[in-house]
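Proteins come first, then strands; the chains are lettered A, B, ... in the order of their sequence lines, and each starts at number 1. This is a predicted model, so every value here is computed, not measured.
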Protein chains: 2
Amino acid sequence: MRDILPGLRSRCAAGTPLALATVVAVHGSAPREPGAVMAVDAEGTVLGSVSGGCVEADVYEVAREVLAGAAPRVVSYGISDDEAFGVGLTCGGTIEVLVRAYASGTELAGLTALLDLVAADVPVAEATVLSGAAETGARRVVRATGVHGTLGSEGLDAAVTDDARGLLDQGLTGIQWYGARGQRRMAEVAVFVRSHTPPPRMLVFGAIDHAAATARIGSFLGYRVTVCDARPAFATPERFPTADEVVCAWPHDYLEATGADARTVICVLTHDPKFDVPLLVAALRTPAAYIGVMGSRRTHDDRLARLREAGVDEAALARLASPVGLDLGARTPEETAVSIAAEIIQHRWGGTGRPLGELTGAIHHPGSRP
Amino acid sequence: MRDILPGLRSRCAAGTPLALATVVAVHGSAPREPGAVMAVDAEGTVLGSVSGGCVEADVYEVAREVLAGAAPRVVSYGISDDEAFGVGLTCGGTIEVLVRAYASGTELAGLTALLDLVAADVPVAEATVLSGAAETGARRVVRATGVHGTLGSEGLDAAVTDDARGLLDQGLTGIQWYGARGQRRMAEVAVFVRSHTPPPRMLVFGAIDHAAATARIGSFLGYRVTVCDARPAFATPERFPTADEVVCAWPHDYLEATGADARTVICVLTHDPKFDVPLLVAALRTPAAYIGVMGSRRTHDDRLARLREAGVDEAALARLASPVGLDLGARTPEETAVSIAAEIIQHRWGGTGRPLGELTGAIHHPGSRP
């Protein structure tokens with residue numbers, strides 16, 4: 001939803017009724033994840049997508065019906081080859097899409113409040129009844145502190161609030177099952193819980209030319225990018241116009257202060273043992289998704305020796321992507337940044353890095369976005 | 001040089017003396033190609049880079065000396081591990097760097113004229129004497145029609161002009177050897193010929209979401225990007241704000257009219273046989289560097305059958321990167337664009353796509369940029 005946030009907010013601000021179509025479940029291989037949103041406004045304008053191909057045309061029709069007053073509903077699509085728009089389903093997946101209108105002033109105000117939180121990077125979960133012994137489309141918005149809306153019963157509200165906070169904490173999105181009054185271990189009501197978490201962070205250490213290119217591609221991939229270097233002459237916002245922040249500090253001091261979660265990717269381009277060793281010791285204590293380290297093979301070997309001396313064990317060392325990047329023969333800073341981005345994606349989804357044209361099998365890998 | 005063009009032009013316009021340090025030769029593996037430029041202005045400000053590491057500090061000192069009146073000269077650096085700034089030289093490469101000042105009004109006017117041509121995408125070659133029986137730093141600027149400057153003798157000028165036009169036509173940059181009066185098969189004078197050719201083109205067919213992301217990463221990699229689609233509702237500049245041009249035309253008609261050279265990369269994201277088949281027939285008649293085609297495996301098989309029916313032979317079909325991209329498990333349009341960019345780079349330089357951390361051997365591949 002973050003990709004179409006400005007368009008959604010401007011429509012809410014103008015009081016324009018909207019229907020939102022949200023992918024709530026994916027079976028098999030499909031082009032978009034649960035949580036992907038396509039919006040249709042009262043003028044028929046489309047924002048975003050739920051798949052890519054012909055599915056959109058049908059979702060559009062359902063959205064128009066819902067905008068015209070039809071009840072919210074969940075529609076299911078078997079994605080055939082052509083509908084999947086060339087994204088490479090070998091056996092076809094199925095997606096389920098919830099289509100719901102926000103037409104009244106109250107509904108638009110509720111959506112506005114949610115979008116404001118998302119835009120302000122406040123973690124917020126949205127729970128919506130899909131089917132069963134509660135009203136399809138009933139919504140409850142859950143934050144760490146505070147809730148808004150009801151799913152129809154106190155018991156269900158309480159159970160879902162509790163679970164949504166847990167899911168939100170881990171950034172997870174998916175369907176939960178309950179009894180009609182919130183009983184766990186029953187499967188009468190399906191509730192889709194969508195976690196809106198702030199963008200994952202990319203921390204780039206070492207304010208060199210390659211860092212500027214890496215910061216740019218990090219933004220392109222949706223990361224909130226921080227560039228950090230201890231040298232004031234290098235750590236300037238002018239050198240990194242696309243970075244969300246530029247920090248002048250000793251790398252390990254900054255990392256220890258800012259922390260890293262399981263979605264954070266860390267790119268160590270400092271290439272100087274006096275920065276690298278304490279920084280990597282600190283980085284390996286975090287649950288970061290990826291720790292890439294630039295350096296020649298000789299530097300890499302030297303660095304491993306220094307890290308072992310510093311007491312880092314082999315299991316921790318095995319987490320390092322070093323030398324950073326996929327072997328593309330990259331030469332310019334931009335090419336190097338692509339090789340780093342490619343490794344980050346491959347690391348997340350489990351690809352082989354080989355040309356798809358030389359392989360067989362699924363183009364999308366199973367995997368769950370943390 | 002294109003990467004620092006705005007900074008160079010503003011300094012020329014302000015009459016600020018500059019020294020340009022240009023990589024003129026690379027032996028072994030090195031981080032930047034011949035032609036890479038670092039500039040130092042009279043205020044000591046640095047633009048661009050020739051390597052990445054400690055080499056820059058020394059080049060900076062030489063540039064300051066040349067700006068202060070010392071003669072132009074060529075300096076040689078054995079790039080040790082640390083100097084290479086972590087770009088992975090296993091055995092160390094050597095680079096040779098020409099450092100030359102543009103201090104007088106005449107010199108700055110000459111540089112301005114060159115930069116104007118580069119900025120206007122006019123192919124232009126710059127020939128500079130490096131050493132031998134002619135004055136180091138003597139320059140001649142060569143276009144398809146017209147020349148400027150002299151290397152010191154009519155014979156040398158004539159031979160270099162001739163060769164520079166040939167190199168320019170192929171976009172090649174490198175050192176040529178001559179006799180003092182331009183005799184070929186003699187090696188008395190080394191002349192560095194730098195081709196400034198317009199950026200290579202990326203042609204993106206099919207104005208879908210993935211095309212917008214692919215166009216963005218194409219610009220990032222330095223391509224001049226054209227997006228083409230036959231559907232007026234999709235082929236709009238608003239949907240592709242980073243593209244250099246958006247063309248509404250039948251894909252094969254446009255490709256036949258615009259052509260493609262050996263540096264052009266073609267990304268076919270149309271995913272519809274009525275567009276794809278005639279487009280690919282046309283694309284395979286060009287010397288394009290890369291022809292990537294989006295589609296599932298089923299679409300790919302169907303497309304091959306249709307192309308065979310259209311008379312395309314197996315050797316031509318083997319040129320297609322289809323399904324497009326490296327196997328990274330890419331899922332979002334941005335991730336898919338990275339997988340396409342990674343394949344384009346790999347195709348250019350001959351990488352394996354495997355993580356560098358799992359490999360041994362050179363991080364930079366030998367290869368020549370066409």
Original post:
Does A:A207 offer a backbone N or O that forms a donor-acceptor pair with the side chain of A:R239 under 3.5 Å?
Top reply: yes
Subject >> A:A213 portion near chain B, given a 4.5 angstrom heavy-atom threshold >> reply: both
**OP:** Give the minimum heavy-atom separation between A:T214 and A:M202, together with the two atoms involved.
**Re:** O-SD, 3.7 Å
**OP:** Only pairs at least two apart or in different chains count here, so list each ring-ring contact (aromatic ring centres under 6.0 Å, His included) that has a residue in residues 314-348 of chain B.
**Re:** B:Y290-B:H347
**OP:** Mind running side-chain contact (heavy atoms from CB on, under 4.5 Å) on B:T22 and B:M1 for me, showing each step along the way?
**Re:** CA-CA 9 Å; B:T22 305; B:M1 173 189 276; over 6 Å; no
**OP:** Tell me, for A:A342 versus chain B, whether the close heavy atoms (under 4.5 Å) come from the side chain, the backbone, both or neither.
**Re:** both
Subject >> Check: A:G329 main-chain N/O paired with B:Q346 side-chain donor or acceptor under 3.5 Å >> reply: no
Subject >> Portion of B:A341 that has a non-hydrogen atom of chain A nearer than 4.5 angstrom >> reply: both
Original post:
Can you tell which of B:I217, B:V324, B:D3 has the highest number of heavy-atom pairs within less than 4.5 Å of chain A?
Top reply: B:I217
Subject >> Residue B:S339 versus chain A: region with a heavy atom under 4.5 Å >> reply: neither
Subject >> Side-chain donor or acceptor of B:Y77 paired with backbone N/O of B:E56 under 3.5 Å >> reply: no
Subject >> Contact leader toward chain A among B:G292, B:A337, B:G325, B:P333, where contacts are heavy-atom pairs under 4.5 Å >> reply: B:G325
**OP:** Measure A:V293 against the heavy atoms of chain B and call it side chain, backbone, both or neither at under 4.5 Å.
**Re:** neither
Original post:
Pick from B:E343, B:E358, B:R354: which one has the most heavy-atom pairs with chain A under 4.5 Å?
Top reply: B:R354
Original post:
If you count heavy-atom pairs under 4.5 Å with chain A, which of B:L320, B:D272, B:D302, B:L221 comes out on top?
Top reply: B:L221
**OP:** Start with the C-alpha gap between B:E335 and B:L328, add the side-chain angles, then the distance that decides, and say whether side-chain contact (heavy atoms from CB on, under 4.5 Å) holds.
**Re:** CA-CA 8 Å; B:E335 288 173 349; B:L328 305 178; over 6 Å; no
